[in-house]
Amino acid sequence: ESRSEHDRFGAFIGDSERYPLCGRGRINTYAVFAELKRQLICGDGRIGTIVPTGIVLDDTTQFFFRDLMDSRSLVSLYGFENEEKIFPAIHHATKFCLMTLGGGGHRTTESDFFFYARQVSDLLDQNRHFTLSADDISLLNPNTQTCMIFRTKRDASINKVIYHRVPLLGDKRVAKNPWDLLLLRMFHMADDSGLFTTEQALESEGFVRSGNLYTGDHETYLP
């Protein structure tokens, strides 16, 4: 019943066409409400909200974040960890953020970011604030257009320099592979199950255990 209710809710949100950026994929209510709040901002207004940090990191909200950056609506985003129990009743590993958005009459050239804060007082450390523009996101994370996380302003600056000088391993937008990268996998229990065996099978075939290995006629196995 719960699954059925979730499916009906997702279909209603997706088909309503009211939430074109967050009403897709595995819909989460926090993302839908974040998009609704943005729609309610007047031209010269601002809105501040507390939402999970996934609003700028998750694949399902990438279109929302991309639109915020392209429209220069994101004023600031300060990411927190709940390790020091700012919210006592919430699990310590929960990550949330303070997100401030501006209306159509307010456009930011660069958005102010801060991550890994554990107390509000951490935001006073100016060395941990860094700025990103829509062009920076396209440079640093072109394939998904989700946000990049850095601990300090210096970390962000170093990465920008690296990405300006060094080509990406792969850019889906232009299907280029400048490094001639070839992806390979090691043995996988699903696809390569025929190559695996058990201790019982080895012993039945006359293999003798020596330490962690089974040895036989010119063959050695690791069970």
Nearest-0.5 Å distance that lies between atom CZ in F33 and atom CG in L40:
11.0 Å

If you take all heavy atoms of T61 and G54, which pair is closest and at what distance?
OG1-O, 2.9 Å

I need the C147 SG to M69 CE distance, nearest 0.5 Å.
7.5 Å

Between I47 and V75, is there shared hydrophobic-cluster membership here, with clusters defined by ILVMFWY side-chain heavy atoms closer than 4.5 Å?
no

Non-hydrogen side-chain atoms of I137 and F65 separated by less than 4.5 Å:
yes

Which pair of heavy atoms, one from E83 and one from A93, lies closest together, and at what distance?
OE2-CA, 4.0 Å

Single-linkage hydrophobic cluster, 4.5 Å side-chain cutoff, L124 and F80 together
no

Would you say D67's side chain and L21's backbone share a donor-acceptor pair under 3.5 angstrom?
no

Looking only at heavy atoms, the pair that brings G23 and E35 closest together is N-OE1, 4.3 Å

Give the C-alpha distance, both sets of side-chain angles, the deciding distance and a yes or no for side-chain contact (heavy atoms from CB on, under 4.5 Å) between S71 and R38.
CA-CA 12 Å; S71 64; R38 184 194 181 194; 2.9 Å; yes

Tell me, yes or no, whether the heavy-atom count around R154 atom CZ, taken from other residues, nucleotides or ligands under 6.0 Å, exceeds 12.
no

Closest heavy-atom pair, C97 versus P52, reported as atoms and distance to 0.1 Å, is SG-O, 4.0 Å

Which distance, rounded to the nearest 0.5 Å, do you find between the CG of D135 and the CD of E110?
9.5 Å

A quick test of your reading: do over 12 heavy atoms of other residues, nucleotides or ligands sit less than 6.0 Å from CZ of R107?
yes

Please answer whether the main-chain N or O of M99 pairs with a side-chain N or O of T49 as donor and acceptor at a distance below 3.5 Å.
no

Taken to the nearest 0.5 Å, the spacing of F96 CZ from I86 CD1 works out to 4.0 Å

Decide whether L123 and F87 are clustered together by the hydrophobic rule: side chain heavy atoms of Ile, Leu, Val, Met, Phe, Trp, Tyr closer than 4.5 Å, transitively.
yes

Going by heavy atoms in the side chains, are R128 and D122 under 4.5 Å from each other?
yes

Would you say T100's side chain and G48's backbone share a donor-acceptor pair under 3.5 angstrom?
no

If I compare all heavy atoms of G102 with all of R46, which pair ends up nearest, and what's the gap?
CA-CG, 4.1 Å

Run the numbers on T146 and N141 for side chain to side chain donor-acceptor pair (under 3.5 Å), then give the verdict.
CA-CA 7 Å; T146 52; N141 212 355; 3.1 Å; yes

Identify whether V56 and M148 are in the same connected component of the hydrophobic contact network (ILVMFWY, side-chain heavy atoms under 4.5 Å).
yes

CA sep, side-chain torsions, deciding dist, call: N127, K153, side-chain contact (heavy atoms from CB on, under 4.5 Å):
CA-CA 6 Å; N127 290 322; K153 181 187 299 184; 5.5 Å; no

How many angstroms lie between atom CG of L57 and atom OG1 of T144, to the nearest 0.5 angstrom?
9.5 Å

Show which side-chain atoms of residues 9-20 pair as donor or acceptor with protein atoms under 3.5 Å away, not counting sequence neighbours.
unit_1, atom_1, unit_2, atom_2, d
S16, OG, I13, O, 2.8
S16, OG, R18, N, 3.3

Under 3.5 Å, side chain of D58 to main-chain N/O of T60, donor-acceptor pair present?
no

Under the side chain to side chain contact (heavy atoms under 4.5 Å, CB included) test against L77, which residue among V51, I55, L98 passes?
I55

side-chain contact (heavy atoms from CB on, under 4.5 Å) assessment of L132 paired with S111:
CA-CA 5 Å; L132 293 174; S111 304; 5.7 Å; no

Sequence neighbours excluded, every pair satisfying ring pair (Phe, Tyr, Trp, His ring centres under 6.0 Å) that has a member inside residues 110-140:
Y78-H129, F113-F130, F114-H129, F130-F150

Test log, rule side chain to side chain donor-acceptor pair (under 3.5 Å), inputs D59 and Q62:
CA-CA 5 Å; D59 182 69; Q62 62 172 289; 2.7 Å; yes

Would you give me the side-chain donor-acceptor pairs under 3.5 Å for residues 159-169, sequence neighbours excluded?
unit_1, atom_1, unit_2, atom_2, d
N159, ND2, D155, O, 2.8
K160, NZ, T131, O, 2.9
K160, NZ, D136, OD2, 3.4

